[in-house]
Amino acid sequence: MLAVAVLAAGKGTRMKSDLPKVLASLAGSTLVERVLSSCEHLEPERRLLIVGHQAERVASTLAAHGGLEFVLQQPQLGTGHAVQQLLEPLQDFEGQLLVLNGDVPLLRPETLGQLLELHRRSGAAVTLLSARLADPSGYGRVIAADDGIAAEDGAVSAIVEHRDCSEEQRRNNLTNAGIYCFDWPKLAAVLPLLATNNDQGELYLTDTVALLGSAMHLEVADPQEIIGINDRLQLAECEAVLQQRLRRHWMAAGVTFTDPLSCTLSEGTTFGRDVVVEPQCHFRGNNQIGSGCRIGPGSLIENSRLGESVEVLFSVLRDVEVEQGCVIGPYAQLRAGAHLGAGSRIGNFVEVKNSHLGAGVKANHLSYLGDADLGDGVNVGAGTITANYDGVRKHRTHIGAGSKTGANSTLVAPIRLGDKVTVAAGSTLTKDVPAGALAFGRARQVVKEGRS
Ligand code: UD1
Ligand code: CA
């Protein structure tokens, strides 16, 4: 039987933020969600989340995650005090308890699998993850057992927090990751013995290691996995590690990045083969980028689906669908609910929102298309505006297939233009136009000679 407890009650003082630390975000998901997903594959019987600082905010962020038991720690008197809160909910539990710090977000699921396996094999009361860090400052140090057992055996006698270390202990770079597998009944027996005789005056979970008497550690091969986030510098370091992992993955899968370090990706973004990503492009949320697309330079794409061979140059796309072969930008903005039919062309300073464009639509310059339906092959003249808002409600504009709007046309919605309509330049139309008609909506030019 396995239970997992995630420690997420702390304030995160060193972040200097109004947001609880475990809700800080890395490559689009929060620290605590990352920690939770690292142990999902272990299929624990129980999943407990210890919350305290802004508990409701943390709980509501995780509302969609089923099967979580929230345990309140109030006030927060340290990591040992956090785990003491489990004595009641786990009073009849007999199995192993995996404790995860909520601020260690880069753990690989396989590493947790190895930790559990070692723990089951060795029979120790606790097995913990460790790593040798080039700069171990701030972390607890793992003190190998000094009873003659070689350190390589993995036996541990104690963990000492950085601020409680002697000079000599500080030189030890074997650090505690904050990830432990305990035999719960043994841990439950020593939890009440914790004391606050340390520099911070807190109850330390790490003190249970010495109290338990038999502890092992498993050193991870890749120390980056155990970076704990206490401040914004470490947050940035972790983001860099994650971004590097993502870019490497996609380069191996056939994506070209001409300047990889200048681009950021999200885990929810997938790319087809032979996509080229030029400098300064950013992908957020869930995106599907079709094969052969050319993105950038300078574009932001969020929660969008692009078909094959789409080109995007210096543009922003959010919550949109773009079919194959479209060309977008430079300087276009596609907003929520824009759908571009195959081979459409959206040019400079064109904004499209909540609109369905058929195949081969061209809107090359300076337009706003909002709440509109455009048939196939519509040509939108420079400066055409769909006036969709009457001050209270939004209305739709319909432009039939093959229609052309002249430069600087204003279409006041609700309005329907049939197929193959031509709108004269400079028109303001407020009434429907039947198919095949030419519509003017402006005063004729008057020239009075000799008046100047
Ligand atoms: C802790 C470990 C340290 C280890 C490091 C790894 C202790 C005493 N020290 O130090 O050995 O090297 O993690 O990153 O455990 N939390 C609570 N309630 C509390 C206090 C903290 O839930 O009362 C939570 C925090 O939200 C956080 C986690 O526990 O997710 C760790 O707390 P933090 O204060 O960051 O511990 P560190 O000083 O980093
Ligand atoms: Ca920490």
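Both ligands and their constituent atoms are indexed starting at 1 by order of listing. Hydrogens, waters and symmetry mates are skipped; everything else that's a heavy atom, side chains included, is used.
Taking all heavy atoms of Val71, Thr79, Leu49 into account, the minimum distance to atom 32 (O) of ligand 1 is reached by Thr79. Which of Leu205, Asn101, Leu31, Leu77 comes nearest to atom 31 (C) of ligand 1 through a heavy atom is settled by distance: it is Asn101.
Interface of Asn230 with ligand 1, defined as ligand atoms under 4.0 Å from a residue heavy atom, comprises 35 (O), 39 (O).
Ligand 1 does not have Thr175 within reach: every non-hydrogen atom of the residue lies 4.0 Å or more from it. Contact annotation: Arg14 has at least one heavy atom less than 4.0 Å from an atom of ligand 1. Contact analysis puts Gly78 in contact with ligand 1, with a non-hydrogen atom separation below 4.0 angstrom. Within the 4.0 Å heavy-atom shell around ligand 1 one does not find His81.
Residue Asn230: an N/O/S atom is found under 3.0 Å from the Ca ion (ligand 2).
Open room surrounds NZ on Lys362; 12 or fewer heavy atoms of other groups in view lie less than 6.0 Å from it.
Nearest approach of Leu313 to Ser299, heavy atoms of both residues: C-OG, 3.8 Å. Smallest separation of non-hydrogen atoms from Cys281 and Ile295: SG-O, 3.6 Å.
Checked options Glu308, Glu278, Glu311; the residue passing with Arg294 is Glu278 (criterion: salt bridge (charged side-chain N to carboxylate O under 4.0 Å, His left out)).
Residue Ala82 has no N or O atom closer than 3.5 Å to an N or O atom of ligand 1.
At a heavy-atom cutoff of 4.0 Å, ligand 1 is contacted by no atom of His53, backbone or side chain.
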